There are 2 protein chains.
Amino acid sequence: MLWVKLSRKCATMAEPKTIVNPLFLREDDLRQAIELLFFAYRDFTARGDAILARQHFGRAHHRILYFVGRYPGIPVGDLLDILNITKQSLSRVLSQLVREEYVLQKPGTRDRRQRLLYLTDKGKTLERELTSEQRMRFAAAYKDAGAVAVEGFRKVMLGIMDAKARKRFLSPFET
Amino acid sequence: MLWVKLSRKCATMAEPKTIVNPLFLREDDLRQAIELLFFAYRDFTARGDAILARQHFGRAHHRILYFVGRYPGIPVGDLLDILNITKQSLSRVLSQLVREEYVLQKPGTRDRRQRLLYLTDKGKTLERELTSEQRMRFAAAYKDAGAVAVEGFRKVMLGIMDAKARKRFLSPFET
DNA sequence: CGATTATGTCAGCACTGTTGACATAAATCG
DNA sequence: CGATTTATGTCAACAGTGCTGACATAATCG
């Protein structure tokens, strides 16, 4: 549309970056960082949302499928910690996934209060469909960017996360 | 909570990268990438959401304030392009911001159909409060990660974005 | 002038997150 | 054992955000 006019105003957005002093972070660099994250996340999630809409599902369904697939047998409480939402929010979506047989619940053996979560075959299929698009996206981006860039990406993302999440990410065996 | 137990199960997440199978490594790297983006975005937006909740606002309000602050005088259509939402979705939030005097609308001079958007002082204040937290987050992350990592982050994020958005980001003068 | 464009609005629906209240079963502690 | 805590679930209400569909106005354009 009026992207040309708009673009004139954001000329600084794409000026050649010859980063001289990393400690002197310009306002514009930080704005650009915010926008990179915004646009990347926006496009990263867009196709998954479209797939989910077919099933009358939303992004929350994908998140559950993803993390249950990632940690088969995960208790509900751990999932809540990962997602940082209330049990009521989780319950609505999770019970739907259980009812429609994407997710299976088994009582815990050590602690029989727990409901351990597993993907059914149906759940695995949908999870794969959703996540594979995102993996391909990262595979392409990683390949284009190169190993050094990937390590840089990792560092910056870890720096953006809260200390708690970063700690978990880096030393999962820690109490 | 049960993070210890969970952690046992996600051992692959942080195991030293000495595993031989290259296919497994690749899969795991990509999963890790997805999770880095998820956790970073989750924590990146959390504090802003809390601030917005005070004003009975949501993330959409922040996005409008942000981009109007970024491109003063932006027409509504351009904002729609940036946000990738429908005019109805935008309108609900934008008219609220206009009504409560965070955003000012002026008819365009060249094209009087357009409503050019500007932040009021009130809007600037709130935008600054919201964005400054995010800028500080990136400032700290960038500082810790170093210049090389920042460039890597940029590359990967650009690779994740859709080609259209990447093009705009990289060559804003292009038609 | 007729068609298109920029913008707005009303209505309805769906997903997702919140708070508050209440409930059950199992583990834990004194 | 009995009291308490923990893990989980559920009902209800409310708010924010995105969508579709339909309709409206004013300005621009050919």
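Just so you know, these numbers come straight off a predicted model, no measurement behind them. Letters A, B, ... are given to chains in the order of the sequence lines, protein chains preceding strands, and every chain is numbered from 1. We use all heavy atoms of the structure for the numbers below, so side chains are in, but hydrogens, waters and symmetry mates are not.
Going from atom CG of A:L117 over to atom C1' of D:dG9 covers 13 Å, rounded to whole Å. The CD-P distance, from B:Q105 to D:dA26, rounds to 16 Å in whole Å. For the pair B:L79 CG and C:dG8 P, the computed distance is 10 Å after rounding to whole Å. In this structure, CD of B:Q114 is placed 13 Å from C1' of D:dA26, rounded to the nearest angstrom. Computed from coordinates, the B:L83 CG to D:dG16 C1' distance equals 15 Å when rounded to whole Å. In this entry the distance linking CD1 of A:I74 with C1' of D:dA7 reads 14 Å, nearest Å. Atom C1' of nucleotide C:dT7 and atom CG of B:L80 are separated by 9 Å, given to the nearest angstrom. Distance, A:D78 CG to D:dT6 P: 15 Å, rounded to whole Å.
The stretch residues 44-52 of chain B has no heavy atom under 4.0 Å from DNA chain C, so no residue of it qualifies as close.
For the pair B:R166 (side chain) and B:M161 (backbone), a donor-acceptor distance under 3.5 Å is present.
The side chain of A:T86 places no N or O atom within less than 4.0 Å of a non-bridging phosphate oxygen (OP1 or OP2) of C:dG17.
Remark: A:R115 engages no residue in a side chain to side chain donor-acceptor pair (under 3.5 Å) (not counting sequence neighbours). Applying the side chain to side chain donor-acceptor pair (under 3.5 Å) rule to A:S132 yields no partners; only residues at least two apart in sequence or on another chain are considered. Applying the side-chain contact (heavy atoms from CB on, under 4.5 Å) criterion to A:T125, with sequence neighbours excluded, gives no partner residue.
Salt bridge status for A:E151 with A:K155: absent, with no side-chain N to carboxylate O gap under 4.0 Å. With respect to the salt-bridge test (charged N to carboxylate O, under 4.0 angstrom), the residues A:D29 and A:R26 qualify. Between A:E127 and A:R135 there is no salt bridge, since none of the side-chain N atoms of the basic residue sits less than 4.0 Å from a carboxylate O of the acidic one. No salt bridge links A:K164 with A:D162; every basic N to acidic carboxylate O contact stays at or beyond 4.0 Å.
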Under a 4.0 Å heavy-atom criterion, the protein footprint on nucleotides 22-30 of chain C, written with B, S and -, is ----BS---
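A ring pair (Phe, Tyr, Trp, His ring centres under 6.0 Å) check over residues 73-100 of chain A, counting only residues at least two apart or in different chains, returns nothing. Pairs passing the ring pair (Phe, Tyr, Trp, His ring centres under 6.0 Å) check and including a residue from residues 118-141 of chain A, sequence neighbours excluded, read A:F44-A:F138, A:F138-A:Y142, A:F138-A:F153. Sorted by first and then second residue, the side chain to side chain donor-acceptor pair (under 3.5 Å) pairs involving residues 40-54 of chain A (not counting sequence neighbours) are A:T45-A:R59, A:D49-A:R59, A:R54-A:E129.
End-to-end axis angle of the helix from C:dC1-D:dG30 to C:dG30-D:dC1, from C1' rotation axes over five pairs per end: 30° (rounded to 10 degrees).
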Verdict with supporting geometry, B:L37 and B:M157, side chain to side chain contact (heavy atoms under 4.5 Å, CB included)
CA-CA 10 Å; B:L37 185 57; B:M157 291 314 251; 3.9 Å; yes
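Residue B:M136 belongs to no hydrophobic cluster, having no ILVMFWY side-chain heavy atom closer than 4.5 Å to its own.
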Show me the protein contacts with nucleotides 11-16 of chain C, counting only N or O atoms at under 3.5 Å.
{"unit_1": "C:dC15", "atom_1": "OP1", "unit_2": "A:H56", "atom_2": "O", "d": "2.5"}
{"unit_1": "C:dT16", "atom_1": "OP1", "unit_2": "A:G58", "atom_2": "O", "d": "3.4"}
{"unit_1": "C:dT16", "atom_1": "OP1", "unit_2": "A:R59", "atom_2": "N", "d": "2.7"}
{"unit_1": "C:dT16", "atom_1": "OP1", "unit_2": "A:A60", "atom_2": "N", "d": "2.6"}
{"unit_1": "C:dT16", "atom_1": "OP2", "unit_2": "A:H61", "atom_2": "ND1", "d": "3.3"}

Please list, one pair per line, the donor and acceptor atoms closer than 3.5 Å that link side chains of residues 95-104 of chain B to other protein atoms, with sequence neighbours excluded.
{"unit_1": "B:S95", "atom_1": "OG", "unit_2": "B:S91", "atom_2": "O", "d": "2.6"}
{"unit_1": "B:S95", "atom_1": "OG", "unit_2": "B:R92", "atom_2": "O", "d": "3.3"}
{"unit_1": "B:Q96", "atom_1": "OE1", "unit_2": "B:H61", "atom_2": "NE2", "d": "3.1"}

